[in-house]
Protein chains: 2
Amino acid sequence: MDKTKTTRNTAAKTAVLEILTQSKIALSHTEIQKQTNDLCDRVTIYRILDRLVNDDIIHKIVNLDGTVKYAKCHHHAQRVHIHNHAHFSCEKCLEITCLENVKPSYIIPHNYKVNEINFTLSGLCPNCLNSNN
Amino acid sequence: MDKTKTTRNTAAKTAVLEILTQSKIALSHTEIQKQTNDLCDRVTIYRILDRLVNDDIIHKIVNLDGTVKYAKCHHHAQRVHIHNHAHFSCEKCLEITCLENVKPSYIIPHNYKVNEINFTLSGLCPNCLNSNN
DNA sequence: ACTTTAATGCAACATTGTTGCAAGTTAAAT
DNA sequence: ATTTAACTTGCAACAATGTTGCATTAAAGT
Ligand SMILES: [Mn+2]
Ligand SMILES: [Mn+2]
Ligand SMILES: [Zn+2]
Ligand SMILES: [Zn+2]
């Protein structure tokens with residue numbers, strides 16, 4: 001029943017994953033594309049990102065302003081990529097970072113079944129907070 | 001200095017606000033447009049929604065899947081519309097509702113200045129949870 | 001009524017993401 | 001090493017969503 005379709009390692013996929021692994025911040029599709037130097041088509045990057053998300057290797061973040069970014073967590077206490085943490089969106093430099101230690105607590109609403117949570121904080125990141133200009 | 005530009009009450013603005021006031025769930029631009037019966041142009045609705053958000057009369061919700069919706073809170077203990085609450089996104093009926101009583105608690109990360117929070121839960125709403133099919 | 005300027009309609013454009021299909025490539029089986 | 005299945009890619013075409021410029025209309029204060 002569980003027809004697990006195998007995923008293949010291609011040059012493009014390796015490049016995209018490497019870019020995300022090196023980055024300290026979450027990247028958008030366009031930002032990733034720029035870093036690949038036209039190694040592959042725009043559509044291919046969309047499909048690679050979809051695959052990586054499906055395989056739980058990276059995760060997708062939708063920001064307050066609607067921009068979509070992708071990130072690979074840097075902590076790896078577990079062998080799987082867990083992303084039930086908060087994200088921080090800087091209003092000034094627009095960078096999005098995983099706050100891998102910040103996990104919100106809340107009272108589960110009655111009659112609702114919660115499968116997934118998304119918690120995004122926005123404001124000023126440490127960089128922009130120090131250089132106040 | 002504070003050149004507060006005045007906002008005007010037009011037929012279109014009144015209609016859009018009425019639609020949002022009547023709705024129990026958050027609505028997308030397209031859903032709002034359908035309910036207006038071509039009272040005004042598509043672009044006008046975008047601009048009206050921007051104004052209403054700017055004036056803090058309604059608020060904008062970006063869902064996990066990237067869809068953008070707008071809502072007017074129904075509670076009104078205060079006279080201003082406060083929206084620091086959680087939102088619930090049903091995976092089945094795709095409806096988004098304000099959980100006006102659910103507010104997450106969290107440990108403020110060091111060196112970050114938090115101005116705004118966004119907390120979205122997704123799963124099954126009471127309706128879809130009961131009618132399990 | 002007059003005046004100011006916010007609001008609208010329309011067309012044109014930009015961005016982001018999706019889909020179908022032929023051709024290319026990976027990795028396993030032989 | 002060759003063969004082969006099916007996963008992956010490029011390309012073109014499309015769709016959805018949102019933005020901008022500008023001439024015209026209309027709201028609200030005088
Ligand atoms: Mn993360
Ligand atoms: Mn709300
Ligand atoms: Zn910053
Ligand atoms: Zn539901």
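Numbered from 1 within each chain, the chains take letters A, B, ... in sequence-line order. FYI, side chains are in, hydrogens and waters are out, and symmetry mates aren't considered; it's all heavy atoms of this structure. Because the structure is a prediction, the values reported are computed rather than measured.
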Within the pair [X] and [N], is there a side-chain N or O less than 4.0 Å away from OP1 or OP2?
{"X": "B/R42", "N": "D/dG18", "result": "no"}
{"X": "B/R47", "N": "C/dC10", "result": "no"}
{"X": "B/T10", "N": "D/dA27", "result": "no"}

Would you mind classifying the nucleic acid contact of B/V43 as base, sugar-phosphate or nothing, using non-hydrogen atoms under 4.0 angstrom?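 If one applies the 4.0 Å heavy-atom cut-off, B/V43 turns out to touch a base.
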Give the nucleotide from the list [options] with an atom nearest to the side chain of [X].
{"X": "B/I48", "options": "C/dT8, C/dT16, D/dG18", "value": "C/dT8"}
{"X": "B/T30", "options": "C/dT16, D/dT17, D/dT9", "value": "D/dT17"}
{"X": "A/R8", "options": "C/dT26, C/dA6, C/dG9", "value": "C/dT26"}

Could you check whether the rings of A/Y46 and A/H29 sit parallel, tilted or perpendicular, using 30° and 60° as the cut-offs? parallel
Length of the line joining A/I45:CD1 and C/dT15:C1', which is rounded to integer Å: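 A/I45 atom CD1 is separated from C/dT15 atom C1' by 15 Å.
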Rounded distance in Å - CG (A/D50) to P (C/dT19):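 Distance check: A/D50 CG to C/dT19 P gives 10 Å.
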Pick the closest DNA chain C nucleotide for B/C40 and for B/T6 by heavy atoms, then say which residue is nearer the 5' end. B/T6
Taking for each residue the nucleotide of DNA chain D bearing the nearest heavy atom, is the 5' side occupied by B/H29 or by A/T7?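 Nearest-nucleotide comparison on DNA chain D picks A/T7.
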Salt-bridged, B/K69 to B/E31, with N to O below 4.0 Å?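 Looking at B/K69 and B/E31, the cut-off is met.
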Test side-chain contact (heavy atoms from CB on, under 4.5 Å) on B/I117 and A/T120 and set out the steps. CA-CA 6 Å; B/I117 69 163; A/T120 304; over 6 Å; no
Are any of the side-chain heavy atoms of B/H87 and B/T97 separated by less than 4.5 Å?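 B/H87 vs B/T97: side chains apart.
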Under 3.5 Å, is there any donor-acceptor pair linking the side chain of B/R51 to the base of C/dA7?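 Between C/dA7 and B/R51, which were checked side chain against base, a qualifying N/O pair under 3.5 Å is absent.
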